[in-house]
Every structure is written in C-alpha cells, then in structure tokens.
Amino acid sequence: LLPGFDLTGRCALVTGSTRGIGLAIAEHLAAAGARLVISGRKAETCDAVAQALRDAGREAVGVPCNVAEKEQVLALADAARDAFGGVDILVSNAAVNAYFGPLAALDEAVWDNAMRANVKSGWWLSNALAPQMAARGGGAIVFVSSIAALYGTRNLGLYAITKAAENALVRNLAVEWGTADIRVNAIAPGVIKTSFSRALWDNPAYAQAYVESVPLRRIGHVDDVAGLALLLSSSAGRFITGQTILVDGGVSIADKG
Ligand SMILES: NC(=O)c1ccc[n+]([C@@H]2O[C@H](COP(=O)([O-])OP(=O)(O)OC[C@H]3O[C@@H](n4cnc5c(N)ncnc54)[C@H](OP(=O)(O)O)[C@@H]3O)[C@@H](O)[C@H]2O)c1
C-alpha cells in the first residue's frame with residue numbers, strides 16, 4: 001500500500017454498506033486500515049457485515065439507519081462518532097430509486113421521500129460530522145451520485161434530479177469546508193452490476209445495447225467504484241475537492257455512432 005492511501009487509525013462511516021457499491025467501498029477502506037461503521041436499514045445485516053470484517057482482522061461496528069428518516073440519520077452520526085472516538089471519512093452512498101415514469105404523474109410524497117433519502121441525508125450527515133472533522137484537523141466526504149445526473153430522461157427524472165442536487169451539494173460543501181481541510185467529492189457511476197440496477201443488466205436487449213455504447217464494453221463491477229472512493233478518502237487525493245468524477249467505462253463521453 002502506498003503511504004498516501006494508508007488509512008490506519010481513521011474512522012469511516014459508509015451508508016448503505018451492507019451490499020453493492022457501499023460494501024465494496026467499506027471493504028477497500030478497511031483494507032487500507034480504516035475502522036468502519038457499516039450501515040443499512042436492517043440491524044442483522046449491518047451486524048453480519050461488521051462481523052465479517054472483524055473476522056478478517058478489521059475493526060468494524062454495524063449501526064442500522066434508514067437515511068430517509070432524519071432522527072435515524074442524526075442517531076447514526078452520533079453512534080458513528082462515538083464508536084471510535086470521531087469520524088474522519090463519510091461516504092454518503094445509500095439512495096433510493098423508487099419511481100419509474102414521467103414527472104407529471106409523480107406523487108409528491110414519493111418526491112419528498114427521494115429528496116430526503118438522496119439529498120437531505122447527505123446534508124444532515126455533513127452538518128453533524130463536518131464540525132468534528134474540522135476539530136480533528138480535516139476529513140473527507142464522498143457522495144455516491146450517478147451519471148443519471150447528467151441527462152434528461154423519460155422515466156428516471158426524479159432519481160436524476162436528486163443526483164444532480166447531490167452534485168451541487170458537493171460543490172457547496174467543498175467551498176464551505178475547504179478552509180478546514182475537509183474535501184468533498186462525488187463519484188458518478190454508470191451501470192454497475194448490483195441489485196439496485198438489476199432491471200437494466202438483467203434485460204438482455206437493454207444490456208447488449210448499453211454495453212455496445214460503453215467504450216470499455218462492459219457493465220461495471222463494484223470494485224471499479226471502490227478504488228476511486230479510496231483515493232478520494234485518503235491523502236493520495238488531498239488536492240481534489242468539489243468534483244464529480246465519472247466511473248462509467250466512458251459511456252458518457254462516447255458518440256452514439
Ligand atoms: N448500481 C448502479 O448501477 C448505480 C449506478 C449509479 C449510481 N448508483 C448509486 O450507488 C449507490 C449504491 O447503490 P448500489 O447499486 O450499491 O445498491 P444496492 O446494491 O441495492 O445496495 C444498497 C445499499 O443501501 C442500503 N439501503 C437501501 N435503501 C436504504 C435506505 N433508505 N436507508 C439506508 N440504507 C439503505 C441497502 O441495505 P438495506 O436494503 O438493508 O437497507 C444496501 O446496503 C446509490 O446511491 C445509487 O444511486 C448505483
């Protein structure tokens with residue numbers, strides 16, 4: 001491990017880290033030496049993932065939290081801070097994609113829930129944890145956004161709007177917390193093979209057309225995202241802030257020819 005990537009003694013909270021991209025990020029940060037706070041909605045799954053990390057010789061605890069619920073999010077921030085004496089790295093990864101259809105037919109309660117889970121949760125967590133990061137001499141905040149933020153879509157409008165708001169939140173937090181040496185960045189993945197995106201990669205016609213539009217000619221793997229999260233969380237990425245970095249095999253820069 002290059003010294004810049006070493007996270008020994010650092011504490012990282014990763015929301016939505018019981019499977020998929022969040023789990024891969026948690027495993028990469030733990031392998032670099034970080035102590036992990038694992039979170040998802042179910043206590044049993046959080047505990048099982050934390051136990052598996054401890055079995056592998058890492059330090060980890062599990063704390064359940066639904067990121068759409070403010071009280072649970074604030075309790076998660078408290079528990080994470082108390083688990084190892086302070087949080088140095090926050091990865092706001094959990095999100096919902098609960099609506100497929102045109103914006104005109106969208107129920108307002110669904111809009112509000114998506115805004116709470118995908119946007120306000122990151123704001124709540126940053127407000128709760130950035131001051132103690134500042135007191136510890138700095139830190140890193142990483143949001144897992146999406147390339148959906150870049151496009152107008154027929155049926156994913158709500159999701160895309162929340163992800164675009166997340167990218168704007170990142171830029172504003174980066175400006176507000178830069179003098180405290182807290183870096184704030186977003187990762188915007190393309191299609192990554194997880195349960196979240198099953199409807200895309202499990203549909204042969206869609207998957208084939210998508211892969212043909214990707215310069216690297218494949219669907220992404222969770223580890224494709226986790227390496228960048230490690231860079232952004234560690235001093236190897238110490239001069240990167242306010243950015244949204246795409247991890248999409250090049251699909252967003254390719255022509256459609
Ligand atoms: N997969 C893709 O193609 C893709 C592409 C672009 C961006 N992303 C983004 O990547 C992030 C992770 O997605 P993923 O593909 O890794 O999904 P995933 O495999 O379905 O994992 C989602 C994780 O979040 C937790 N979770 C779900 N809803 C939650 C809630 N309301 N509160 C707290 N935790 C919750 C899940 O645990 P529980 O179910 O136990 O709560 C699980 O740990 C999301 O922000 C997503 O928008 C994914």
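In listed order, ligands and their atoms are each counted from 1. For clarity, every value in this text was computed on a predicted model and none was experimentally measured.
Neither side chain, Asp47 nor Gln51, offers a donor N or O lying under 3.5 Å from an acceptor on the other.
Of the listed options Lys42, Arg41, Arg19, Arg41 places a heavy atom closest to atom 29 (C) of ligand 1. Of the candidates Thr15, Ile38, Val67, Thr194, it is Thr194 that places a heavy atom closest to atom 15 (O) of ligand 1. The residue from Ser197, Gly190, Ser146 that puts a heavy atom closest to atom 5 (C) of ligand 1 is Gly190. Of the candidates Asn93, Asn113, Val49, it is Asn93 that places a heavy atom closest to atom 44 (C) of ligand 1.
Residue contacts with ligand 1, taken as heavy atom pairs separated by less than 4.0 Å, involve Lys163 solely via side-chain atoms from C-beta onward. By the criterion of a heavy-atom distance under 4.0 Å, the backbone of Ser145, and not its side chain, is placed next to ligand 1.
The number of heavy-atom neighbours closer than 6.0 Å to CZ of Arg217, taken from other residues, nucleotides and ligands shown, is above 12.
Considering backbone and side-chain atoms alike, Ile21 places an N or O below 3.5 Å from some N or O of ligand 1. An N or O contact shorter than 3.5 Å is missing between Gly22 and ligand 1 by distance.
Remark: of the listed residues Thr162, Asn118, Asn167, Asn167 is the sole one forming a side-chain hydrogen bond (donor to acceptor under 3.5 Å, both in side chains) with Ser145.
Screening residues 6-25 for side chain to side chain donor-acceptor pair (under 3.5 Å) gives Asp6-Thr8, Arg19-Ser195 as the qualifying pairs, with residues at least two apart or on separate chains.
Contact record, Ala254 with Ser213: CB-O, 3.8 Å, taken as the closest heavy-atom pair.
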